[in-house]
Amino acid sequence: MGRNLQSGLRLRPVDLAREHGLSTQAVRNYEEAGILPAAARTPHGYRGYTPLHAAALRAFLALVPGHGHATATAIMRAVNEGAAEEAFRLVDESHAQLLDDRRTLRAVETALRDLDPAPARPPGAGARANAPARGSVPGAGPVPAEGPAPAVGRALAVGPTPSPSVGPMSAAGSAEAVGPVPTVGSTSGVGPAKAVRPSPAARPVGTFIGPLARQLGIRPATLRAWEDAGLVRPRRDPRTGYRVYEEADVRDARLAHQLRRGGHPLEQIATLIAQVRAAGGLEPLAATLADWHGRLTTRGRALLAGAAELEAYLRARG
């Protein structure tokens with residue numbers, strides 16, 4: 001196998017090293033790790049490399065930028081052990097990860113666009129058109145009322161909205177999910193207590209944990225964990241102590257949800273949301289998103305370059 005490159009020319013470790021600015025010890029380490037095929041030895045124990053080894057080294061170094069050192073090593077080991085299918089599987093996984101990263105970026109960009117405030121209605125649109133919806137406060141997010149929770153802002157592309165039944169919750173979680181409903185006893189002393197809704201002016205501005213969790217398709221406990229990590233900072237209603245998520249909190253929760261779907265750790269998400277808060281808006285993130293696009297493009301081209309060198313090595317092996 002690979003007779004066209006194995007015969008004739010013999011190369012020293014330093015010959016392979018110089019081409020790529022490596023040390024001779026690095027070349028030896030690559031051979032010991034299985035990245036390069038085993039070299040023949042002279043009677044005195046010196047390694048004798050061939051152009052096939054040089055092709056293997058070029059393939060490995062081309063794979064590293066797109067796949068990372070560990071995956072590139074695994075790919076080369078599989079090829080050198082004759083397990084080409086395993087090598088192709090590893091290559092496919094890296095391409096699938098890049099595609100998933102691109103989808104995550106698109107989801108984040110969509111979320112950021114959806115976080116922009118809705119345009120104001122044109123003058124003269126009519127009193128009924130400008131009237132706030134039942135259970136809401138002008139200029140604020142939805143407020144819990146009877147029946148299913150209203151949508152929070154514009155819907156994200158996160159799949160169907162889950163049923164209002166989100167599984168068992170603690171008593172405290174259930175209370176926060178529907179919001180406070182003050183009651184007063186019957187003045188006549190006869191009959192059950194009667195539920196009385198506060199007037200719109202008395203209702204807290206924002207939305208409660210249950211409706212927001214249902215809108216995002218997550219559990220209220222997840223929102224509490226995000227609060228502990230600093231991703232969201234809801235205020236507490238002074239009368240009930242319930243969490244109240246205002247417009248900026250809903251924005252942060254939606255952005256965190258999209259990033260978590262992409263597998264990003266809480267620490268990275270907290271940093272990004274802190275930038276949004278410090279900037280007072282989303283515009284300063286344009287440079288961050290452009291850099292993200294650039295890094296994905298660079299990685300995509302690196303995967304192509306690595307594939308080309310790997311194919312050349314496979315052809316050399318015969």
Side-chain angles (χ1 to χ4, degrees), residues 96-118 136 140-144 148-170 173-174 176-179 205-236 242-286 288-289 292-293 296:
Q97 182 60 57
L98 177 61
L99 179 60
D100 187 62
D101 289 345
R102 291 190 185 280
R103 287 171 175 162
T104 298
L105 175 55
R106 285 198 299 269
V108 170
E109 290 178 322
T110 299
L112 292 176
R113 284 196 300 269
D114 288 346
L115 294 179
D116 289 337
S136 65
V143 176
V152 181
R154 280 180 264 177
L156 291 176
V158 294
T161 303
S163 165
S165 176
V166 294
M169 288 190 297
S170 64
S174 298
E176 282 197 276
V178 298
V205 175
T207 188
F208 290 94
I209 192 170
L212 179 56
R214 287 194 292 271
Q215 173 64 24
L216 296 177
I218 60 178
R219 295 177 61 84
T222 301
L223 282 170
R224 297 187 190 102
W226 291 355
E227 181 181 351
D228 292 339
L231 275 60
V232 290
R233 300 184 299 190
R235 65 177 176 86
R236 295 283 183 155
Y242 295 151
R243 294 170 174 84
V244 179
Y245 296 82
E246 298 180 345
E247 181 179 352
D249 303 310
V250 173
R251 174 201 68 195
D252 294 345
R254 293 167 70 187
L255 183 55
H257 181 53
Q258 290 289 7
L259 292 170
R260 284 298 287 164
R261 278 164 52 93
H264 294 272
L266 294 180
E267 295 79 7
Q268 291 183 2
I269 299 173
T271 299
L272 179 60
I273 291 178
Q275 292 175 351
V276 175
R277 291 171 182 156
L282 304 172
E283 295 79 2
L285 293 180
T288 299
L289 294 175
W292 194 345
H293 273 287
L296 291 180

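Nothing here was measured: the structure is a model prediction, and the numbers come from that model.
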Student: Are Arg235 and Glu246 close enough for a salt bridge, meaning some N to O gap below 4.0 Å?
Tutor: yes
Student: Report the distance from atom CD1 of Ile209 to atom CG of Asp249, rounding to the nearest 0.5 Å.
Tutor: 11.5 Å
Student: For Leu216 versus Arg254, what's the shortest heavy-atom pair and its separation?
Tutor: CD2-CG, 3.8 Å
Student: How long is the span from the CZ atom in Arg233 to the CZ atom in Arg243, to the nearest 0.5 Å?
Tutor: 15.0 Å
Student: Provide the closest heavy-atom pair for Val244 versus Gly206 in the form atom of the first, atom of the second, distance.
Tutor: CG1-CA, 4.0 Å
Student: Return the set of residues passing side chain to side chain contact (heavy atoms under 4.5 Å, CB included) with Leu266 (not counting sequence neighbours), or none when no residue passes.
Tutor: Trp226, Ala229, Leu231, Arg260
Student: Please report the interatomic distance CG(Leu289) to CZ(Arg106), rounded to the nearest 0.5 Å.
Tutor: 13.5 Å
Student: List the steps, then state whether side-chain contact (heavy atoms from CB on, under 4.5 Å) holds for Phe208 with Tyr245.
Tutor: CA-CA 6 Å; Phe208 290 94; Tyr245 296 82; 5.9 Å; no
Student: State which residues pass side chain to side chain contact (heavy atoms under 4.5 Å, CB included) with Ala225; sequence neighbours excluded, sorted by chain then number.
Tutor: none
Student: To the nearest 0.5 angstrom, please state how far the CD atom of Glu247 sits from the CG atom of Asp252.
Tutor: 10.5 Å
Student: Once you round to the nearest 0.5 Å, how far does CZ of Arg102 lie from NE2 of His293?
Tutor: 9.0 Å
Student: Measure the spacing between CG of Leu296 and CG of Leu99 and express it to the nearest 0.5 Å.
Tutor: 10.5 Å
Student: Going by side chain to side chain contact (heavy atoms under 4.5 Å, CB included), name the residues that satisfy it together with Gln268, two or more places apart in sequence or in a different chain.
Tutor: His264, Pro265
